[in-house]
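For reference, the structure discussed in these notes is given below.
Chain letters run A, B, ... following the sequence lines, proteins first and then strands; every chain starts at 1. Quick caveat: nothing in here was measured; it's all calculated off a predicted structure.
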Number of protein chains: 2
Amino acid sequence: MKSGERELSPEKTATILNGAMQEFLEHGYAGARIDKIVAAAGVSKATVYRHFPDKETLFTALIQRMANKKELFRLQNIPSLEEDPATFLKRYALGMLDNVESDPQILTFLRIIIGESARFPELARAFVRNIEKPSLDLLTQYLIKHPQIEVADPEVAARAFIGTIIHFVILRNVLQSGDIVPMDRDRLLNSLLKLVLGKSQSEELLSSPN
Amino acid sequence: MKSGERELSPEKTATILNGAMQEFLEHGYAGARIDKIVAAAGVSKATVYRHFPDKETLFTALIQRMANKKELFRLQNIPSLEEDPATFLKRYALGMLDNVESDPQILTFLRIIIGESARFPELARAFVRNIEKPSLDLLTQYLIKHPQIEVADPEVAARAFIGTIIHFVILRNVLQSGDIVPMDRDRLLNSLLKLVLGKSQSEELLSSPN
DNA sequence: GAACTAAACTAAACTGTTTCGTTTAGTAGT
DNA sequence: ACTACTAAACGAAACAGTTTAGTTTAGTTC
């Protein structure tokens with residue numbers, strides 16, 4: 001008698017969020033339709049509004065959840081830190097690129113984060129905090145701990161490395177303009193490694209592409 | 001006027017597009033409201049629909065026009081090609097950064113281009129064709145024409161240079177996360193120059209910041 | 001006479017609410 | 001353990017009120 005209190009089932013919440021994901025990622029916040037979310041999730045409209053007070057709360061909950069899922073970006077899929085620098089960096093970069101190629105949802109998520117960053121700055125900041133910053137930190141720490149890499153400013157080197165790759169992904173995959181500014185993936189990575197590591201240390205890698 | 005044949009006045013068209021710019025940039029395609037555009041432009045709704053068949057055509061016309069305005073990105077504001085490499089590159093980068101800082105519309109435009117790139121890929125491609133590619137080409141040609149800069153792959157060096165700066169802008173200005181991944185602007189530029197030019201050639205610039 | 005304004009209008013779509021009947025799960029009496 | 005009771009979550013669907021893109025109409029300006 002005291003507490004027959006059941007709560008809104010977390011499974012339903014997840015079902016709703018999964019349905020909302022398709023619709024929000026495809027159409028953005030303003031373009032998404034609650035009725036479509038309802039249909040995609042296979043729940044009733046009333047249930048959606050029992051779990052979330054309004055569209056905006058549903059949207060932010062979804063994006064926050066995605067920005068916290070490091071698995072989505074395979075941040076755990078990191079090459080061994082004991083690897084030699086050229087191999088480590090190349091595998092790291094290839095991991096990012098393969099990740100993007102294999103899962104188009106990542107591109108759509110990037111579009112949302114950037115596209116809605118003026119209206120939902122906290123979502124953008126959560127993304128940077130959970131995804132971008134850890135990547136930059138890891139790379140910076142790696143460069144610092146391998147002093148045989150003669151890099152004067154590891155933090156900037158990490159930014160240059162990641163920034164170059166992300167810019168490449170934005171041009172090629174997000175903006176779908178790989179044919180307008182063509183660039184071979186392996187050429188970019190090999191030349192980038194030379195820039196970051198200095199010419200000498202990466203030459204041995206040139207014929208063994210992983 | 002002089003000739004009896006009056007057409008839809010280009011001034012009105014421009015007035016409509018200017019009104020549409022505020023609304024579309026602020027709210028995106030789906031979030032923009034025709035009535036707001038009408039009010040912002042100070043024209044009647046009927047006039048809008050005499051100039052443009054529908055919302056989508058108005059939107060694409062606007063974004064295409066913006067993507068063709070190289071002035072907006074100050075691509076004409078390029079340092080002299082006769083400048084020594086370190087000075088040229090630094091001024092070029094500072095030009096990009098100042099441009100972004102001084103005109104928030106550029107950031108909003110970037111958000112739109114990326115945010116709508118799945119639904120309007122041709123707009124994204126026009127942006128790359130008119131803005132990104134000329135920048136990359138100019139920088140690549142500059143690096144090629146200054147062989148004293150010992151860069152094995154000028155095309156990749158140009159991408160690394162611009163990619164690093166754009167990534168910096170995205171983190172700091174677009175995603176508004178400069179406090180989460182802090183980085184001093186001048187430190188980034190100086191260290192980036194060292195990476196691209198090699199340590200020796202940029203040292204003279206370190207104490208003369210323009 | 002053509003482009004325009006203002007405003008009413010249409011038809012549809014939208015978010016969010018409500019109604020009502022069903023299901024689910026925890027509780028208590030026997 | 002079996003059943004009955006209870007309360008809340010749920011689905012389906014209608015509903016309310018607002019907002020939307022786009023049209024039309026009637027009058028104005030050049």
So which protein N/O to nucleotides 8-14 of chain C N/O distances come out below 3.5 Å?
| residue | atom | partner | partner atom | Å |
| --- | --- | --- | --- | --- |
| dC14(C) | OP1 | Arg33(A) | NE | 2.9 |

- Quick one: label Val48(B) by what it contacts on the DNA or RNA (base, sugar-phosphate, nothing), any heavy atom closer than 4.0 Å. nothing
- Item | Length of the NE2-P vector between His51(A) and dA8(D), whole Å | 15 Å
- Do you know which two heavy atoms are closest between Ile149(A) and Pro85(A), and how far apart they sit? CD1-CB, 3.5 Å
- Message: How about NZ on Lys70(A), more than 12 heavy atoms from neighbouring residues, nucleotides or ligands closer than 6.0 Å, or not?
- Response: yes
- Note on the structure: 5'-most contact on DNA chain D (nearest-nucleotide basis), Glu56(B) vs Thr13(A), goes to Thr13(A)
- Who passes ring pair (Phe, Tyr, Trp, His ring centres under 6.0 Å) against His51(A), sequence neighbours left out? none
For nucleotides 25-27 of chain D, which of its nitrogen or oxygen atoms have a protein nitrogen or oxygen under 3.5 Å away, and what is each distance?
none

- Task: For Asp54(B) and Thr57(B), test the side chains for any donor-to-acceptor distance below 3.5 angstrom and give the result as yes or no.
- Result: yes
- Query: Would you say the side chain of Phe168(A) lies within less than 4.5 Å of the side chain of Met183(A), judging by non-hydrogen atoms?
  - Reply: yes
- Query: Do Asp137(A) and Thr140(A) meet the criterion of a side-chain donor-acceptor pair at a distance under 3.5 Å?
  - Reply: no
- Item | Ser44(B) side chain near dC4(C) phosphate (N/O to OP1/OP2, under 4.0 Å) | no
